[in-house]
Number of protein chains: 2
Amino acid sequence: MTVTIKDVAKKAGVSPSTVSRVLSGHPRISLETSRKVKAIMEDMGYTPNMMAKSLVSKTTNSICIILPKPAEELFSNLFFMELIRGIVTQASRSGYDVLISSGANEKEELEAVSRLLKGRRVDGVILLYSRKDDAVIDFLQGGGYPFVLIGRSDRYENILSVDNDNVMAAYDATNHLISMGHERIGFVSGPPNLIVSRDRLEGYRKAMENSGLTMRPEWIVEGEFLQDSGYRAMSFFMNLPNRPTALVAVDDMVSFGVLRGLNELKYKVPDDLAIVSFNNIPLSELSSPPISSIDIGIYHLGYTASQVLIQGIQKPNNDAGYTNRFVIPHRLIVRESSMHTPSKP
Amino acid sequence: MTVTIKDVAKKAGVSPSTVSRVLSGHPRISLETSRKVKAIMEDMGYTPNMMAKSLVSKTTNSICIILPKPAEELFSNLFFMELIRGIVTQASRSGYDVLISSGANEKEELEAVSRLLKGRRVDGVILLYSRKDDAVIDFLQGGGYPFVLIGRSDRYENILSVDNDNVMAAYDATNHLISMGHERIGFVSGPPNLIVSRDRLEGYRKAMENSGLTMRPEWIVEGEFLQDSGYRAMSFFMNLPNRPTALVAVDDMVSFGVLRGLNELKYKVPDDLAIVSFNNIPLSELSSPPISSIDIGIYHLGYTASQVLIQGIQKPNNDAGYTNRFVIPHRLIVRESSMHTPSKP
DNA sequence: CCTCCTTATGGAACCGTTTGCTTTACACAG
DNA sequence: CTGTGTAAAGCAAACGGTTCCATAAGGAGG
């Protein structure tokens, strides 16, 4: 049926081993044989069977990512899509395929990762986000499997990771508002088990303290990376007796929710409430008003993660003193949502 | 190192074949043996090697999709993400993994598909969109490989496909505007090599003709599924001496571009120009004003495609007279962007 | 002319499963 | 007691490659 290495060998009058060597560019194959075999492979339409190859080489040339099933309840889909594009593009360039599986919760994720890795279906894993006390990381670390974390671990120092400096990013975002004259600044955070939520909150704190501004506990609310959280946060904030004049939100989707709410209540942005958020998804410049946002280079994050992982797979000299934490630069994109100086009360 | 079927067999004092049969639930295995072997597998931490399994069974339990490399230049990323979520979720439920590769153009796509399929790395393919004279389809059809097309083919009748009734959808969209009193309606189409562009254009035509409205060639412009196309189309339309009072746009992203442009020029939507578009991406209700859109059930499209493909892989009785075209229903979501009756000139 | 390298190739074992064909061990009928 | 049927398990040959080891041919050096 399908043409194998043996068929090619027979037709070329050589042994299967020779064909295999031609394929892998073995040095001790005469130019003549090589050319002949290649020609025959070509016209017989030979394609190597990856399964057979993987079986003996114990390598699959593919990596995997696990998509949180209800993606829309965690991050914005756009975030993941950008990440995936970066990962797939780079992997493709390095000759790797990307396998996507999905898991509704940490347990399912662990099962999927374990099955894929122990079943030798993939060579490594990219974890798309970092949370506290992640059992998946324990498994990967314990099993010595190649993996890279997007974000950072709260417990392991020496694992490969690609991250932003989220503390600094939040510091920058907050400082931007402060420099515009704001003093009462609120913060809409994400799920507390996500490291990124904590880091950004931390940056906000630092900036506030650094400028000697008072921080009220009621000015910090937790939510998801979702519009609804923004909507709820907005109505909470606007009902406060001494309400903030500006907000830092952990994700652009949250800002959209805030915007929607303010719009319904006929408040103006940035006049009544200025806002800046994170991720700079393609739509943040499309809303009205356009949202100031910290661009964290999502595509780049994915691209780098893939690159780092594949390098780690190909030469596992991870013990060397090289850096294993890669930081993707961020930058603040100022748009209309934060372009207003509050009037002093 | 890793524990194989042989290790389990040895420890259990049975032959490898017996262990294999336990694994696959073979009827002629005594309950006692089965229990013993299972217990041993458990505590040795046995995981089947998928490569070995695939090699002999000629089946991989995975399917693939090809992501157009510069995704943002074709469709909106949100579209793909929704599709992927649907596909991955369903595949996961059926015990399949999804492999994503990427190709910058039709040639690269063909190479990727061919490599994956002929190299027996995947069992089937989902084509994420349909274009005219697609060489990839020829390859799949010619090779007898299982695949399903999202959209429809312009040349093959009997291939598995999951589609919307795009002609009808466009008909509905246009009719909605007509019923609001519009008579001068323009159309912003997509790339002409995409079947979906043609179908929607066709539906627009039908609706116009059906209502006896004049159709001017200059009221139909071509673009991409991108904001920029909308922006350009807008400035073209607004400079026309006898300009349309409403627009049907092939994708929500296009609407965003139109909106942005109109906003810059201080035109009002829907007062100066009403608009309705397709796909109902999550952000179409967030823009100002929110955009009327045809919801085509993207997630559902992906989910069904995966289901249909996997069914086709598992029992290839495709010769039966069963239906092989699945139509996902659409529905019009009316929002502010089309809620205005034009004043008669 | 014989030995020793070097270079190009062949042979065969192995990677971890599946599966068709046997074999073993009973139980039971004739 | 021999023959037959059946349930349970083992043997060994694939599946399509890779790779270690052996071998043959052809110099080169002594």
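Each chain gets a letter, A, B and so on, in the order the sequences are listed, and its residues count up from 1.
Put simply, CE on B:M41 is 17 Å from P on C:dG16, counting in whole angstrom units. Straight-line distance from the CE atom of A:M51 to the P atom of C:dT18: 15 Å, rounded to whole Å. The nearest whole Å value for the distance from the CG atom in A:L23 to the P atom in D:dT19 is 11 Å. The NE2 atom of A:H26 sits 10 Å away from the P atom of D:dT19 (whole-angstrom rounding). Separating the CD atom of B:E32 from the C1' atom of D:dA7 is a distance of 14 Å, rounded to the nearest angstrom. Computed from coordinates, the B:K53 NZ to D:dG17 P distance equals 21 Å when rounded to whole Å. Distance CE (B:M50) to P (C:dT17): 10 Å, rounded to an integer number of Å. Regarding B:D7, its CG atom lies at a distance of 10 Å from the P atom of C:dC15, rounded to whole Å.
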Verdict with supporting geometry, A:K38 and A:Y46, side-chain contact (heavy atoms from CB on, under 4.5 Å): CA-CA 10 Å; A:K38 274 180 185 158; A:Y46 170 75; over 6 Å; no

Walk me through whether B:F139 and B:S114 qualify under side-chain contact (heavy atoms from CB on, under 4.5 Å). CA-CA 8 Å; B:F139 167 80; B:S114 163; 3.7 Å; yes

Kindly determine whether A:Y303 and A:R93 satisfy side-chain contact (heavy atoms from CB on, under 4.5 Å), including the steps that lead there. CA-CA 10 Å; A:Y303 194 96; A:R93 266 178 207 157; 2.7 Å; yes

Evaluation steps, side-chain contact (heavy atoms from CB on, under 4.5 Å), between B:S306 and B:I126: CA-CA 7 Å; B:S306 167; B:I126 297 178; 4.2 Å; yes

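The side chain of B:R28 contributes an N or O atom lying less than 4.0 Å from OP1 or OP2 of D:dA7. In this structure, B:S15 reaches the D:dG10 phosphate: one of its side-chain N or O atoms is under 4.0 Å from OP1 or OP2.
Within the 4.0 angstrom heavy-atom criterion, no nucleotide atom of any strand lies near A:V19. Residue-level contact check: A:R21 touches the bases, meaning some heavy atom is under 4.0 Å from a base atom. Among the protein residues, B:K6 comes within range of the nucleic acid bases, having at least one heavy atom under 4.0 Å from a base atom. Residue contacts for B:S20: at a heavy-atom cut-off of 4.0 Å it reaches a base atom on one of the strands shown. Contact annotation for A:S54: no contact, since no heavy-atom pair falls under 4.0 Å across all strands. At the heavy-atom level, B:G13 lies under 4.0 Å from the strands shown only through sugar-phosphate atoms. Among the protein residues, B:S24 comes within range of no part of the nucleic acid, since none of its heavy atoms lies under 4.0 Å from any strand. Among the protein residues, B:S17 comes within range of the nucleic acid bases, having at least one heavy atom under 4.0 Å from a base atom. Residue-level contact check: A:I29 touches the backbone only, with heavy atoms under 4.0 Å from sugar-phosphate atoms and none from bases. Residue-level contact check: B:V56 touches the bases, meaning some heavy atom is under 4.0 Å from a base atom.
Side-chain N or O atoms of B:E108 include one that pairs as donor or acceptor with a backbone N or O of B:A104 at under 3.5 Å.
For B:D7 and B:K10, the salt-bridge test fails: no basic side-chain N is under 4.0 Å from an acidic carboxylate O. In this structure, A:R115 pairs ionically with B:D97, as a charged nitrogen and a carboxylate oxygen lie closer than 4.0 Å. Here A:R131 does not pair with A:D154 in a salt bridge; the nearest charged N to carboxylate O distance is not below 4.0 Å. Using a 4.0 Å cut-off between charged side-chain N and carboxylate O, A:R152 and A:E157 make no salt bridge.
Both A:L31 and B:I5 sit near DNA chain C, but only A:L31 has its closest nucleotide nearer the 5' end. Between B:A52 and B:S30, it is B:S30 whose nearest contact on DNA chain D lies nearer the 5' terminus. For the pair B:L55 and B:S34, nearest-nucleotide mapping onto DNA chain D gives the more 5' position to B:S34.
In the helix from C:dC1-D:dG30 to C:dG30-D:dC1, the terminal helix axes, each the rotation mapping four pairs' C1' atoms onto the next four within five end pairs, subtend 70°, rounded to 10°.
Minimum atom distance to the side chain of A:K58 is reached by C:dG16, of the listed D:dG16, C:dG16, C:dT7. Comparing C:dG16, D:dG10, D:dG16 by their closest approach to the side chain of B:T2 singles out C:dG16.
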